[in-house]
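Heavy-atom basis, side chains included; hydrogens, waters and symmetry copies ignored.
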Amino acid sequence: MDLEERERRAKICAEEHGGLLCYVEAFYVQSIIYSASRCLDALTRYDTLKEDENTSADVLVSLVQEAVGHSAALSRYFWPSPQGSKKRPNLAVLKEERGKTLRQAFLLDENSPLFSRDLRNAWEHFDERLDDYFLENEAGYFFPGPILDTHQLADDPVGHVFKLLDVKEECLVLLGRKYFFSPIRVAVQEVFELAVNSQSRGLRIQRR
């Protein structure tokens, strides 16, 4: 199928069906369940391993990172990336409309922790932020490896923490910046439960 035909179909889907055709709802719901369940699974493993004193900081941080990655994938169903909008304008509009439709069905707005891209971007652009970090910080005590401690350690003006995990407060510190991830867990759990329930009753979508 060429781009012109794809754009024609995208225009119809966006304008007449809210970016989501009825017969494909189940595919989106299943994809949402997958991303949400993988996030929750990573956090469940995290909950188990954090109780073991032999579990390393590397393992716990990696599980949080895994959970964040899946929550980011989940977020994009509701707030799609705007990339590619110039060459494929109708497909871009379709994504926007689909996001609106799914947000409506799952009762989400910009107050949801899933809307925030801060923690996801901190991981995805870690190398770039590392460049900036070293340009701004030239002296002090540097901690290059992941550590387990209170997030208050990052408040020390002469201490430079790359990756710190506060297990008690569920706070991840990346390059000195704090990210509390417990709200993400709650939001993902809510979406997961709604998605599972919708498999039997269908999404509550107001069609045009």
Side-chain angles (χ1 to χ4, degrees), residues 1 3-44 46-47 64-125 170-172 179-208:
M1 182 184 300
L3 181 58
E4 182 178 358
E5 175 61 16
R6 196 181 299 272
E7 279 284 286
R8 185 188 71 83
R9 296 187 181 192
K11 188 173 188 295
I12 294 172
C13 183
E15 294 181 351
E16 300 181 12
H17 303 278
L20 190 63
L21 296 168
C22 292
Y23 69 89
V24 300
E25 283 182 10
F27 294 94
Y28 284 88
V29 170
Q30 191 59 44
S31 297
I32 286 170
I33 289 173
Y34 173 78
S35 293
S37 65
R38 292 303 86 205
C39 173
L40 295 173
D41 177 72
L43 290 174
T44 297
Y46 165 82
D47 288 339
V64 174
Q65 181 176 5
E66 180 182 343
V68 168
H70 286 298
S71 72
L74 178 64
S75 173
R76 284 190 286 269
Y77 287 105
F78 304 104
W79 288 278
S81 169
Q83 292 180 352
S85 58
K86 293 183 178 180
K87 293 184 179 180
R88 306 190 299 177
N90 290 335
L91 284 167
V93 173
L94 183 151
K95 287 196 298 183
E96 292 176 7
E97 292 300 316
R98 179 254 296 165
K100 291 178 183 178
T101 296
L102 289 174
R103 290 198 300 273
Q104 177 191 67
F106 283 84
L107 308 175
L108 296 175
D109 58 27
E110 293 184 2
N111 292 316
S112 171
L114 291 175
F115 175 71
S116 175
R117 298 277 205 296
D118 289 346
L119 181 52
R120 185 194 80 186
N121 288 339
W123 276 125
E124 292 184 356
H125 303 286
E170 294 201 331
C171 178
L172 181 65
Y179 303 92
F180 292 88
F181 55 90
S182 57
I184 294 176
R185 181 202 297 259
V186 174
V188 172
Q189 183 67 47
E190 291 175 351
V191 168
F192 175 74
E193 291 175 1
L194 282 172
V196 170
N197 290 336
S198 73
Q199 286 186 313
S200 60
R201 58 171 172 74
L203 290 177
R204 295 179 179 175
I205 294 176
Q206 294 180 3
R207 297 290 175 181
R208 295 178 179 175

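Here the closest heavy-atom approach between residue Pro113 and residue Pro183 is recorded as CG-O, 3.5 Å. The two residues Tyr23 and Phe27 have their closest heavy-atom pair at O-CE1, 3.9 Å. Taking each heavy atom of Ala195 and Ser198 in turn, the nearest pair found is O-OG, 2.7 Å. The shortest heavy-atom contact between Phe181 and Cys171 is CE2-N, 3.6 Å.
The backbone N or O of Leu108 sits nowhere less than 3.5 Å from a side-chain atom of Ser112 that would complete a donor-acceptor pair. In terms of modelled atom types and a separation under 3.5 Å, the side chain of Asn90 and the main chain of Lys11 share no donor-acceptor contact.
Remark: Phe115 pairs with Trp79, Glu110 by the side-chain contact (heavy atoms from CB on, under 4.5 Å) rule, at least two apart or across chains. For Leu74, the side-chain contact (heavy atoms from CB on, under 4.5 Å) partners at least two apart in sequence or on another chain are Ile32, Ser35, Ala36, Phe78, Leu114, Val188, Val191. For the side-chain contact (heavy atoms from CB on, under 4.5 Å) test, residues two or more places apart in sequence or in another chain that qualify with Glu5 are Met1, Asp2, Arg8, Arg9. Listed by chain and number, the residues in a side chain to side chain donor-acceptor pair (under 3.5 Å) with Glu193 are Gln189 (sequence neighbours excluded). Applying the ring pair (Phe, Tyr, Trp, His ring centres under 6.0 Å) test to Tyr34 and every residue at least two apart in sequence or in another chain returns nothing. Arg98 pairs by the side-chain contact (heavy atoms from CB on, under 4.5 Å) definition with Leu20, Tyr28, Tyr77, Pro80, Lys95, Leu102, not counting sequence neighbours.
The line from CD of Gln30 to CD of Glu25 is 13.5 Å long, rounded to the nearest 0.5 Å. In this structure, the separation between CD1 on Ile33 and CG on Leu40 is 11.5 Å, given to the nearest 0.5 Å. Rounding to the nearest 0.5 Å places CG of Leu94 at 10.5 Å from NE2 of His17. Here Arg6 contributes atom CZ and Leu91 contributes atom CG; the two are 7.0 Å apart, rounded to the nearest 0.5 Å. Here the straight-line distance linking atom CG of Leu43 with atom CZ of Arg38 works out to 11.5 Å at 0.5 Å rounding. Remark: Arg76 CZ to Ser31 OG distance equals 12.5 Å, nearest 0.5 Å.
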Discussion item. Under the criterion side chain to side chain contact (heavy atoms under 4.5 Å, CB included), I'd like the reasoning laid out for Arg88 against Leu3: C-alpha separation, chi angles, the key distance, then a yes or no.
Written reply: CA-CA 8 Å; Arg88 306 190 299 177; Leu3 181 58; 3.6 Å; yes

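Put simply, the side chain of Glu170 does not reach to within 4.5 Å of the side chain of Tyr179, judged on heavy atoms.
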